[in-house]
Amino acid sequence: MSNLLVYRTLLIKFAFSSLLIFLHFLYALYSWLVDQTIFKQPDPWQNRSINGYKKYRLKKLPNHLVVSVCQEEVFYEYLAKLLAWALFLEVPVVSFYHNENGISPEELFFAFRDQYSSLLTKVNWGLEFNDNIKFESKKCINGYKWEPRIEVNILTSKHSKLQLVNALRTVCSTEEEFSDTLVELAINKTFPMVEPDLVVICGKSCTTFGLLPWHTRVTEFLTLKTHYNVTFLKFYKLLEQYSRNEQRFGK
Amino acid sequence: MSWIRDNSMTWMQRCCAQILTYGEIPKHVAFIMDGNRRYAKKKSVAKQEGHVRGFDKLAETLQWCLHLGIKEVTVYAFSLDNFKRTQEEIDALFDLAREKFKRLLEEKDKLNEHGVCINFVGNIKKLPDDLIKLIAESMLITKQNNKAFLNVAFSYTGHDELTNAFNKISLGIKNNDLEESDLSVEILDNCMYTYPSPPPDLLIRTSGETRLSDFMIWQCSYSYIYFTPVLWPEFTAWDFMIAIFMYQSNFRAFIRYKLPPKRLSSRAEKFVENVQQNRLNSLYTIA
């Protein structure tokens, strides 16, 4: 009798678990289908016209855009594309974040140079880009004038919770009591950084992976399922969504 | 409306909830209950009515959490930034809080029977005295319970929490209770208002905003954040279960970063213990 009961509970358990697994499978299939791009999509740098500029004008732009690629293998070709599109839409600062230092500055630079060498005059290579890269970039634009319109940074594990620990280490022996502004100052001293306005999280899960905890208190988080094969329209839609959102700051 | 109420799920919802429990269930869920005023505007009722409905929804949601076996819930009730609102609205919000906290004290037996521990996180010094007293009392009468935990973030912002932790630690260093080698992510973890609760696994924000608005910015590093366009008073058990479902299909992306916390040095442990003891003592003096 008790055996029968055990079998019955086991059977129910099995049925329910498989039902749940099946539901998850259906959802995964659905989101894969939604995400397929059937038609080839344009790159605005390739077919530029006055119309193109007008069409993609946004009401509000992020001052600092962070692209977080913690959940995926990094494809530099597409990061370079994102960078070029951010430049096209006139975003002043772009950073790429990986919580385990997974982005190589050299490869990003080479990928950008190979695809958009004419745009090198407009890029200022910032955090994590060493002097060799900056030198190489200058060499490539030889003869043209360097007029940077976009700054590129790479954010690493240093720019997660550890950032606050390091800031604390440098100021813990100061005499005064801390206030919000004093902590802010301390952090700015160790890591000068514009607060990101928009973080685009690449990958399935909407998770910050510890990105700049102090700076992201009112940052918008939007998700992009993957940066692999990303199209300009998908990227543009994210920025459009950002430009529609209004901040209230508690009011 | 009471803090402990009956489960409002329909049989269909209970059935789906049953299926969900065969997957991974988050241990700790945090809520940003946004959209009460927009709800009031939509229904053309007074703002206050929106907040009252918001509270009712909270009580309802807590039951759903218990039903699904979620042991810990943190809710963002009042932000320090909300002090920027009109005095009239703030007073109305505090009146509602007073009424609900008094109700909580009256329901002491019911809470203890269910084993609910209530914890207020935030800078309570900035609140009116009578509210502080109510908060301290409710924390003390439920502090021995351990079956379910409800953390209410009241007069809270993440920046304020971090600043407070910075102050405690730098004081510890000045008094030689801590050494510079003790500075780590873990010691900051242990000096947060929310200590000793684990970081949330799932954060749900209603009303379509896609920000954290200074809520648990430190703790939510490896949480799944679920944004939904539904206004908080209209949040249903279905919405809640969809959030859990989404958590289940995503938690593998970050679960490996949720390591058990590293052990602190015995000196640092003693320091943390002292900080906690001080906090408890100050509650006793207030109550």
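Throughout, a chain's letter reflects where its sequence line sits, starting with A, and its residues are numbered from 1. Computed from a predicted model, the values in this text were never measured in an experiment.
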Can you tell me which portion of [X] sits under 4.5 Å from chain A's heavy atoms? Options are side chain, backbone, both or neither.
| X | value |
| --- | --- |
| B:Ile187 | neither |
| B:Arg252 | neither |
| B:Leu188 | side chain |
| B:Glu209 | side chain |
| B:Tyr224 | both |
| B:Ser79 | neither |
| B:Ile225 | both |

Given that the side chain runs from C-beta out, which part of [X] has a heavy atom under 4.5 Å from chain B: side chain, backbone, both or neither?
| X | answer |
| --- | --- |
| A:Leu212 | neither |
| A:Glu220 | both |
| A:Asn166 | neither |
| A:Glu72 | neither |
| A:Tyr27 | side chain |

Between chain A and each of [options], count heavy-atom pairs under 4.5 Å; write down the option with the most.
| options | answer |
| --- | --- |
| B:Asp81, B:Leu212, B:Leu183, B:Val185 | B:Leu183 |
| B:Tyr247, B:Phe251, B:Phe227 | B:Phe227 |
| B:Phe254, B:Tyr257, B:Phe215, B:Tyr226 | B:Tyr257 |

Donor-acceptor pair between [X] and [Y] side chains, under 3.5 angstrom:
| X | Y | result |
| --- | --- | --- |
| A:Asn229 | A:Tyr78 | yes |
| A:Gln71 | A:Ser205 | no |
| B:Tyr76 | B:Asp34 | no |
| B:Glu186 | B:Asn190 | no |
| B:Thr236 | B:Asp239 | yes |
| B:Thr157 | A:Arg217 | no |

Which of the residues [options] is involved in the greatest number of heavy-atom pairs with chain B at under 4.5 angstrom?
| options | result |
| --- | --- |
| A:Leu164, A:Leu19, A:Leu222, A:Asn245 | A:Leu164 |
| A:Leu23, A:Thr207, A:Thr208, A:Thr219 | A:Thr207 |
| A:Ile21, A:Ile201, A:Leu162, A:Val165 | A:Val165 |

Exercise. Look at the rings of A:Trp214 and B:His159 and say which category their plane angle falls in: under 30° parallel, 30 to 60° tilted, over 60° perpendicular.
Key: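 Parallel: the ring planes of A:Trp214 and B:His159 meet at under 30°.
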Quiz item: So do A:Leu89 and A:Phe235 actually touch side chain to side chain, heavy atoms under 4.5 Å?
Solution: yes
Quiz item: Just by distance, do the side chain of B:Tyr193 and the backbone of B:Ala153 share a donor-acceptor pair under 3.5 Å?
Solution: no
Quiz item: Got a salt bridge between B:Lys47 and B:Glu88, using NZ or NE/NH1/NH2 to carboxylate O under 4.0 Å?
Solution: no
Exercise. For residues A:Trp85 and A:Phe88, establish whether the separation of their ring centroids is below 6.0 Å.
Key: no
